[in-house]
Asks: 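Supplied in structure tokens, the structure appears directly below.
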Amino acid sequence: MRRPTPPRAAVARPVPVSAALAAAALLLAACGSREAGGAVTAGAPPTAAVTRTSVEDPGKDGVRVTSLTLPAPAPSPTASRYALASGGLVTGADPGVSAAYEITNDGAEAMTYTVTLTFTSGDGAAVADATTTVPGVAPGKTVRGRVGAGALPPGAPRVTGAKITDVAEVPSAEARGADGGCPASGVRVRAGTGGEAAMGLRVVGLRLLNCGAREYAVEGYPALELLDEDRAPLGGVRMLRGSREITSAIEGAGPPHRVVLRPGESARASLVWRNTTDLGTPVTARYVRVRAKDGAVPETLPEHIDLGTTGRLGVTPWTRADR
């Protein structure tokens, strides 16, 4: 008598590797990607591929570009002007462009550096500028950082290089820190956006902020020195009280009066000049050393003052700034 054959145990068939990966991808897309530390980022867009290249930059005044980070080129000419992001397409050429730099202080005192870096296209033309301030670089020390190009307009050339185009060095004791901290004096001075008008007229605003805890009074004009590239005083410059000898169109150019600033309040003044050039040697200041009043602690600002051959700089008195 033939015994019945017992049923075979079910044997699991191997799943193709491609199918397993596809299933895992679907699961991650539904649940989010897991980052280091176990956190889950739901719906996070994929990270764009980037390329990082070293840069042969001779540098300027102890500052040089060391590498450039660029998005990998898109596979088609149309897509090269766009980057994928959550929610659709974001316009802009070369999003995510950045450059690494290093600063070496070969001097004998701590310095604050204001560095302008220019991103360039394949033919060497400037595409975008970025400026960063690095405070308190100690003597003999090297510090490193990175700065981004920011959002570039649609149609901008693709960035392929970067170089240092301007470096301002201010002794840290006379510099307003990049962190915006309040100095021991309780006030700080900054240069505001000015303007350029016809016939070479230049205007740069100064703003005095009471960042301390007590009232601070000023009366009269800021005390100024114009300095050259080596921060030595420039000679042959006439400092004018007021701007009437240069122009009558500057607001706040009346007689001085006492201004008392409570904590958080500010005052303003203006530097006014013409950069016209005639006979003689043009004069350009690289820095302006400013004291809120005689005897006050100075702050040195990295401002270009191109006086041409006029040799005159008008200074308006402190007035209360609009709140």
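Only this structure's heavy atoms are used, side chains among them; waters, hydrogens and symmetry mates stay out.
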Asks: Using only atom types and a distance under 3.5 Å, with no angle test, would you say the side chain of Trp318 pairs donor to acceptor with the backbone of Lys293?
Replies: no
Asks: Short question: side chain of Asp230, backbone of Ala232 - any donor-acceptor pair under 3.5 Å?
Replies: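 Flag not set: sc Asp230 to bb Ala232 has no pair under 3.5 Å.
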Asks: Asp278: what forms a side chain to side chain donor-acceptor pair (under 3.5 Å) with it, not counting sequence neighbours?
Replies: none
Asks: Side chain of Thr116, backbone of Thr165: donor and acceptor closer than 3.5 Å?
Replies: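 No: the side chain of Thr116 does not pair with the backbone of Thr165.
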Asks: Any chain of hydrophobic side-chain contacts (each under 4.5 Å) joining Leu234 to Leu224?
Replies: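 Looking at the clustering, Leu224 is in the same group as Leu234.
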Asks: Side chain of Arg320, backbone of Val260: donor and acceptor closer than 3.5 Å?
Replies: yes
Asks: Tell me whether Glu174 is salt-bridged to Arg231, with the criterion being a basic N under 4.0 Å from an acidic carboxylate O.
Replies: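 Answer for the salt bridge query: no.
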Asks: Report the residues that fulfil side chain to side chain donor-acceptor pair (under 3.5 Å) with Glu303, sequence neighbours left out, ordered by chain and then residue number.
Replies: none
Asks: For the hydrophobic clusters of this structure (ILVMFWY residues joined by side-chain heavy atoms under 4.5 Å, transitively), does one cluster hold both Tyr113 and Val170?
Replies: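 No; Val170 is not reachable from Tyr113 via cluster members.
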Asks: Starting from Leu152, can I reach Leu117 by hopping between I/L/V/M/F/W/Y residues whose side chains sit under 4.5 Å apart?
Replies: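 Yes, because Leu117 and Leu152 connect within a single hydrophobic cluster, where side-chain heavy atoms sit under 4.5 Å apart.
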Asks: Could you see if Val134 belongs to whatever hydrophobic cluster contains Val63? Use Ile, Leu, Val, Met, Phe, Trp, Tyr and a side-chain cutoff under 4.5 Å.
Replies: yes
Asks: Among Asp166, Asp306, Asp61, find the residue that satisfies the salt bridge (Lys or Arg N to Asp or Glu O under 4.0 Å) test when tested with Arg286.
Replies: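 Exactly one candidate clears the test, Asp166.
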Asks: Are the side chain of Arg274 and the backbone of Ile246 linked by a donor-acceptor contact shorter than 3.5 Å?
Replies: yes
Asks: Specify the closest pair of heavy atoms between Thr112 and Ser172, including all atoms of both residues, with the distance to one decimal.
Replies: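 The answer is OG1-OG, 3.2 Å.
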Asks: Which heavy atom of Ala296 sits nearest to which heavy atom of Tyr216, and what is that distance?
Replies: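 Nearest heavy atoms, Ala296 then Tyr216: CB-OH, 4.0 Å.
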Asks: State whether the side chain of Thr316 and the backbone N or O of Ser270 hold a donor-acceptor pair below 3.5 Å, judged by distance alone.
Replies: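 Flag set: sc Thr316 to bb Ser270 pair under 3.5 Å.
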Asks: The criterion is side chain to side chain donor-acceptor pair (under 3.5 Å); which residues satisfy it with Thr310, sequence neighbours excluded?
Replies: none
Asks: Is any NZ, NE, NH1 or NH2 atom of the basic residue among Glu225 and Arg291 found under 4.0 Å from an Asp or Glu carboxylate oxygen of the other?
Replies: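 Result for this pair is yes, salt bridge flagged.
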Asks: Give the intermediate values and the outcome of side chain to side chain contact (heavy atoms under 4.5 Å, CB included) for residues Val315 and Leu271.
Replies: CA-CA 5 Å; Val315 185; Leu271 309 183; 4.1 Å; yes
Asks: Should the heavy atoms of other residues, nucleotides or ligands under 6.0 Å from CG of Asp294 be counted, would the total exceed 12?
Replies: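 No, CG of Asp294 has 12 or fewer neighbouring heavy atoms, counting only those of other groups under 6.0 Å.
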Asks: Under the side chain to side chain contact (heavy atoms under 4.5 Å, CB included) rule, what do Ile103 and Met111 come out as? Steps first, then yes or no, please.
Replies: CA-CA 11 Å; Ile103 300 172; Met111 303 294 288; over 6 Å; no
Asks: Honestly curious: do Val297 and Leu208 fall in one hydrophobic cluster under the side-chain, below-4.5 Å linking rule?
Replies: no
Asks: Can a donor-acceptor pair be found, under 3.5 Å and without considering hydrogens, that links the side chain of Tyr287 to the backbone of Glu169?
Replies: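 Flag set: sc Tyr287 to bb Glu169 pair under 3.5 Å.
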